[in-house]
Amino acid sequence: LVSWNSILTAFAQNGNLIDAQDTFNQMPEQDLISWNAMLTAIAQKGKMEDAKRFFDEMACRNLVSWNSLISSFSQNGHVAEAKRLYENMPERDQVCATAMLTAYSQLGNLRDAEAVFSEMQFQNSISATAMLNAYAQNGYIQEARNVFDQIPQKNVITWNSMLTAYTENENLTEAECLFDKMPELDLVSWTTMLSAYAQEGHIQKAKRIFDKMPEKDRVAWTAMLRTYALCGNLEYARWILENMPEWDTVALTTMLAAYAQSDHLEQAECLYARVDEKNPVLQTAMLSAYNINGNLIEAKSVFYQMDQRSMVSWNSMLSAYAQHGNVEAAKRIFDEVHERSAVTWIAMMSAYAQNGHFREALFLFREMNSFQIFLD
RNA sequence: CGCUGUCUAAUGGAACCU
């Protein structure tokens, strides 16, 4: 049973829902762990209606079942639903409280995050770190630091969180100071520091960090690639790409964007052609590379080749039409798209504004507020 | 009897608008 559950979990973590489902159906017996693993697999895919139905069908549930469902709701942006479940739970533990805390924080709702934290029966270092991040992400560095100082057992994640608190708030001096004091450095610590230097334009320092790293993963390589891209050194950026052990979508999109933003569309095309497996994210990156350079025809061609058109690709097409003065086409996309983010709304508003339709832009702005779309 | 393994919460890189 344990091995069956391991297989099930492995599929779930790869996002392979079909195989996970097969495994679940084929195993000789299922225990609560199997049900929970299956629930998580469905929910992580964002199929929240299915997840809820599965949850309701479960013969018995434990805290993990509840926590899994609640975390998934909040991670998929349905914080209100997560909150409803949270308040109806038979009992609560630190896991779901921490998940709610993070959800509130990401909505900018620091009050509720604080409330959840202080109502917790036992605060552990994970929940405290989540609170630290909540303060930091909403701009309260000193409060974050206070939480940090009060955590008795700090692990690498705690230290990394404080490091990010400083770098995200552009306090490089404090970040450096903290970095030097850290008892242990992992990939995240190094990469955080590297990106901080990159953001401030300290290319040499970033490179020095990169060279000092005892080991590097794809994230570190991509961060270094991005560093060179940001300062317009495309050759070094490409060199990094060619030397990284394994390419992934993020590395490739970073390189494509770098080419597109500096008028090297041919290079972008060339790199794109070299990739065998073109996934929707990569296609979207190439599409917007064309759009940045005003090539609506090629952008459309990529767009129509895609079998899954993500919201990001729709947004890109919308603003491409707007740039060409075709407000009607932009509006058509806006109306027909089945999912909108804040970016969609802003893109449509500026489509109106850039083409002189100020009244429509204002109307849309009011409509957006009534839909409770919040800007980051 | 004890221990170990399988499910849920905290930190780093990219593409769409401003």
**Q** Can we say A/D335 and A/R332 salt-bridge, meaning some charged N sits less than 4.0 Å from an Asp/Glu carboxylate O?
**A**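 No.
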**Q** Separation of A/W4 atom CH2 from B/rC7 atom C1', in whole Å?
**A**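 It is 17 Å, rounded to the nearest whole Å.
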**Q** Is the ring centre of A/F210 less than 6.0 Å from the ring centre of A/W190?
**A**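 Centroid separation for A/F210 and A/W190: 6.0 Å or greater.
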**Q** Counting heavy atoms from C-beta on, name the nucleotide in B/rG12, B/rA9, B/rA15 closest to the side chain of A/V95.
**A**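 Selected nucleotide: B/rA9.
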**Q** What orientation do A/F55 and A/W66 show, parallel under 30°, tilted 30 to 60°, or perpendicular over 60°?
**A**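 Perpendicular: the ring planes of A/F55 and A/W66 meet at over 60°.
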**Q** Consider the side chain of A/S6, meaning its heavy atoms from C-beta on, and name the nucleotide among B/rA14, B/rU6, B/rA15 that approaches it most closely.
**A**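 It is B/rU6.
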**Q** To the side chain of A/R218, which of B/rG13, B/rA10, B/rC16 is closest?
**A**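 When the side chain of A/R218 is considered, B/rG13 is the closest of B/rG13, B/rA10, B/rC16.
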**Q** Ignoring backbone atoms, test whether A/R61 places a side-chain nitrogen or oxygen under 4.0 Å from the OP1 or OP2 oxygen of B/rU8.
**A**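 Answer no for this pair, as no side-chain N or O of A/R61 is under 4.0 Å from OP1 or OP2.
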**Q** May I have the distance from A/W35 (atom CH2) to B/rU6 (atom P), rounded to whole angstrom?
**A**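 Going from CH2 in A/W35 over to P in B/rU6 covers 22 Å.
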**Q** Just compare B/rA9, B/rA15, B/rG12 and give me whichever is closest to any side-chain atom of A/T164.
**A**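 Nearest to the side-chain atoms of A/T164, counting from C-beta on, is B/rG12.
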**Q** Sequence neighbours excluded, which residues qualify as side chain to side chain donor-acceptor pair (under 3.5 Å) partners of A/K278?
**A**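 A/K278: no side chain to side chain donor-acceptor pair (under 3.5 Å) contacts found.
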**Q** What is the nucleic acid contact for A/D93, judged by heavy atoms within less than 4.0 Å: base, sugar-phosphate only, or nothing?
**A**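 Touches nothing.
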**Q** With no angle test and no hydrogens, is the base of B/rA14 tied to the side chain of A/T254 by a donor-acceptor pair under 3.5 Å?
**A**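 In this structure, the two groups form no donor-acceptor pair.
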**Q** Of the candidate nucleotides B/rU6, B/rC16, B/rG5, which contains the atom at the shortest distance from the side chain of A/V343?
**A**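 So the side chain of A/V343 is nearest to B/rC16.
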**Q** Heavy atoms only, 4.0 Å cut-off, all strands: where does A/Q123 land among base, sugar-phosphate and nothing?
**A**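 Nothing: the residue A/Q123, judged by heavy atoms under 4.0 Å, touches no strand.
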**Q** Side chain of A/T129 only, heavy atoms from C-beta on: which candidate in B/rU11, B/rA14, B/rA10 is closest?
**A**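 In terms of side-chain proximity for A/T129, the closest of B/rU11, B/rA14, B/rA10 is B/rA10.
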**Q** Counting side-chain heavy atoms from CB outward, which of B/rC16, B/rA9, B/rU8 is closest to A/N315?
**A**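 Of B/rC16, B/rA9, B/rU8, B/rC16 is nearest to the side chain of A/N315.
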**Q** Name the nucleic acid region contacted by A/D31, choosing base, sugar-phosphate or nothing; use a 4.0 angstrom heavy-atom cut-off, strictly under.
**A**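 Counting heavy atoms under 4.0 Å across all strands, no contact is made by A/D31.
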**Q** Is any side-chain N or O of A/R226 closer than 4.0 Å to OP1 or OP2 of B/rA14?
**A**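 It does, given that an N or O in the side chain of A/R226 lies less than 4.0 Å from OP1 or OP2 of B/rA14.
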**Q** Which of the following nucleotides, B/rC7, B/rA15, B/rG12, is nearest to the side chain of A/T191?
**A**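 Output: B/rG12.
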**Q** With a 4.0 Å cut-off on N to O distance, would you call A/R274 and A/E242 a salt bridge?
**A**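 Looking at A/R274 and A/E242, the cut-off is met.
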**Q** May I ask you to say what A/S161 touches in the nucleic acid, namely base, sugar-phosphate or nothing, with a heavy-atom cut-off under 4.0 Å?
**A**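 A/S161: backbone/sugar contact only, no base atoms under 4.0 Å.
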**Q** Rounding to an integer number of Å, can you tell me how far A/N293 CG sits from B/rC16 C1'?
**A**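 The answer, rounded to whole Å, is 15 Å.
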**Q** Send over the distance from A/L194 CG to B/rG12 P, rounded to a whole Å.
**A**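 In whole Å, B/rG12 P and A/L194 CG are 15 Å from each other.
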**Q** CZ of A/F334 versus C1' of B/rC16: gap in Å, rounded?
**A**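 In whole Å, B/rC16 C1' lies 15 Å from A/F334 CZ.
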**Q** Could you tell me the separation between the CD1 atom of A/I151 and the P atom of B/rU11, rounded to a whole number of Å?
**A**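 Rounded to the whole Å, the gap is 13 Å.
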**Q** Rounded to whole angstroms, how far apart are CG on A/D248 and C1' on B/rG13?
**A**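 Checked: the CG to C1' distance equals 9 Å.
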**Q** Checking contacts here: which listed nucleotide (B/rA10, B/rA14, B/rC16) is nearest the side-chain heavy atoms of A/A130?
**A**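 Nearest listed nucleotide: B/rA10.
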**Q** Taking A/R84 first and then A/E81, would you say they form a salt bridge - that is, a charged N and a carboxylate O separated by under 4.0 Å?
**A**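 So A/R84 pairs with A/E81 through a salt bridge.
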**Q** With sugar-phosphate meaning primed atoms plus P, OP1 and OP2, does A/L256 contact a base, only sugar-phosphate, or nothing at under 4.0 Å between heavy atoms?
**A**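 Counting heavy atoms under 4.0 Å across all strands, no contact is made by A/L256.
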**Q** Please find the pair of heavy atoms, one from A/N315 and one from A/S341, that lie closest to each other, and give the distance.
**A**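 In terms of heavy atoms, the two residues are closest at ND2-OG, 3.9 Å.
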**Q** Among the candidates B/rU18, B/rU11, B/rG5, find the nucleotide nearest to the side-chain atoms of A/S350.
**A**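 Ranking B/rU18, B/rU11, B/rG5 by closest atom to the A/S350 side chain puts B/rU18 first.
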**Q** Would you kindly give the CG-to-P distance between A/N62 and B/rU8, to the nearest whole Å?
**A**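 Interatomic distance, CG of A/N62 to P of B/rU8: 12 Å.
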**Q** Can you see if the side chain of A/Q94 gets near the phosphate of B/rA10 - specifically, an N or O under 4.0 Å from OP1 or OP2?
**A**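 Negative; the distance criterion is not met.
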**Q** Please evaluate the base of B/rG13 for a donor-acceptor partner in the side chain of A/T222 within a cut-off of under 3.5 Å?
**A**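 Answer is yes: a donor-acceptor pair is held.
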**Q** Name the nucleic acid region contacted by A/N279, choosing base, sugar-phosphate or nothing; use a 4.0 angstrom heavy-atom cut-off, strictly under.
**A**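 Result for A/N279 = nothing.
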